[in-house]
Amino acid sequence: MDNCIFCKIVAGEIPSAKVYEDDKMLVFKDIEPKAKVHLLCVPKEHFAFLSEADDKRAALIGSMLQTVGAHYKEWGLEEGYRVVINQGENAGQTVMHLHMHLLGGEVLGW
Ligand code: 5GP
Ligand code: ZN
């Protein structure tokens, strides 16, 4: 997708502090962390919103969550973490490529 910052990160055209990569997804540090550990979990396929998830994408999102559940201890989230997906204006979504925020590394306020 042209002009999508996360597609550029997936393609390696923009550098990122990567902590994990496989054939489906990439996990890297958020450039403006909102918690001690703030990672972004991004599918390699471009789509903007959870509401665009057909069966195939739903399976992809499930598999991304499974990977988070398998690897969180390696990413500094062993004491607990929060998963957030923002959609749309009210949630403050700024990048229109689906992503999960993984927040932790400290006690989180609500
Ligand atoms: P949203 O508000 O869309 O859910 O979250 C987008 C997130 O992407 C923000 O937390 C923002 O700090 C992060 N972000 C935006 N541009 C970049 C970038 O170029 N590199 C990295 N690592 N994070 C970015
Ligand atoms: Zn994209």
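For clarity, every value in this text was computed on a predicted model and none was experimentally measured.
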Same cluster or not: are Val68 and Leu98 linked, directly or through other Ile, Leu, Val, Met, Phe, Trp or Tyr residues, by side-chain heavy atoms under 4.5 angstrom apart? yes
Scan residues 68-82 for pairs that pass salt bridge (charged side-chain N to carboxylate O under 4.0 Å, His left out), counting only residues two or more places apart or in two chains. none
Atom pair CG (Leu102) and CG (Leu40), whose distance is rounded to the nearest 0.5 Å: 7.5 Å
Taken in chain and number order and not counting sequence neighbours, the residues that satisfy side chain to side chain contact (heavy atoms under 4.5 Å, CB included) with Thr67 are Tyr20, Asp22, Met25, His71
Across all chains, not counting sequence neighbours, the side chain to side chain contact (heavy atoms under 4.5 Å, CB included) partners of Ala59 are none
Does some side-chain heavy atom of Leu103 sit less than 4.5 Å from a side-chain heavy atom of Val37? no
Side chains of His99 and Cys41, heavy atoms from C-beta outward: is any pair under 4.5 Å? no
Common cluster, Val83/Leu26, ILVMFWY with side-chain heavy-atom separation under 4.5 Å: no
Give the minimum heavy-atom separation between Ile61 and Ala53, together with the two atoms involved. CD1-CB, 4.1 Å
What pairs with Lys29 under salt bridge (charged side-chain N to carboxylate O under 4.0 Å, His left out), at least two apart in sequence or on another chain? none
Can you pull the side-chain hydrogen bond (donor to acceptor under 3.5 Å, both in side chains) pairs that have at least one residue in residues 31-43, sequence neighbours excluded? Asp30-His38, His38-His101
Check for me, please, whether Val84 and Met100 land in the same ILVMFWY cluster - side-chain distances under 4.5 Å, paths through other members count. no
Close side-chain approach of Leu39 to Leu77, heavy-atom, < 4.5 Å: yes
Assigning hydrophobic clusters by single linkage (Ile, Leu, Val, Met, Phe, Trp, Tyr; side-chain heavy-atom cutoff under 4.5 Å), is Met64 placed with Val42? no
Which side-chain hydrogen bond (donor to acceptor under 3.5 Å, both in side chains) pairs, counting each pair once, include a residue from residues 39-51, with sequence neighbours left out? Glu21-Lys44, Glu45-Arg57, His46-His97, Ser51-Gln87
For Met96, check side chain to side chain contact (heavy atoms under 4.5 Å, CB included) against everything at least two apart and list the hits. Ala48, Phe49, Gln93
Please identify each residue that fulfils ring pair (Phe, Tyr, Trp, His ring centres under 6.0 Å) with Tyr81, with sequence neighbours left out. Tyr72
So if you build clusters from Ile, Leu, Val, Met, Phe, Trp, Tyr with side-chain heavy-atom gaps below 4.5 Å, do Leu65 and Phe47 land together? yes
Residue pairs involving residues 47-56 (criterion salt bridge (charged side-chain N to carboxylate O under 4.0 Å, His left out); sequence neighbours excluded): none
Taken to the nearest 0.5 Å, the spacing of Phe28 CZ from Trp75 CH2 works out to 12.0 Å
Would one find more than 12 heavy atoms of other residues, nucleotides or ligands at under 6.0 Å from atom CD of Gln66? no
So which heavy atom on Ala35 is nearest to which on Gly104, and how close? CB-O, 3.8 Å
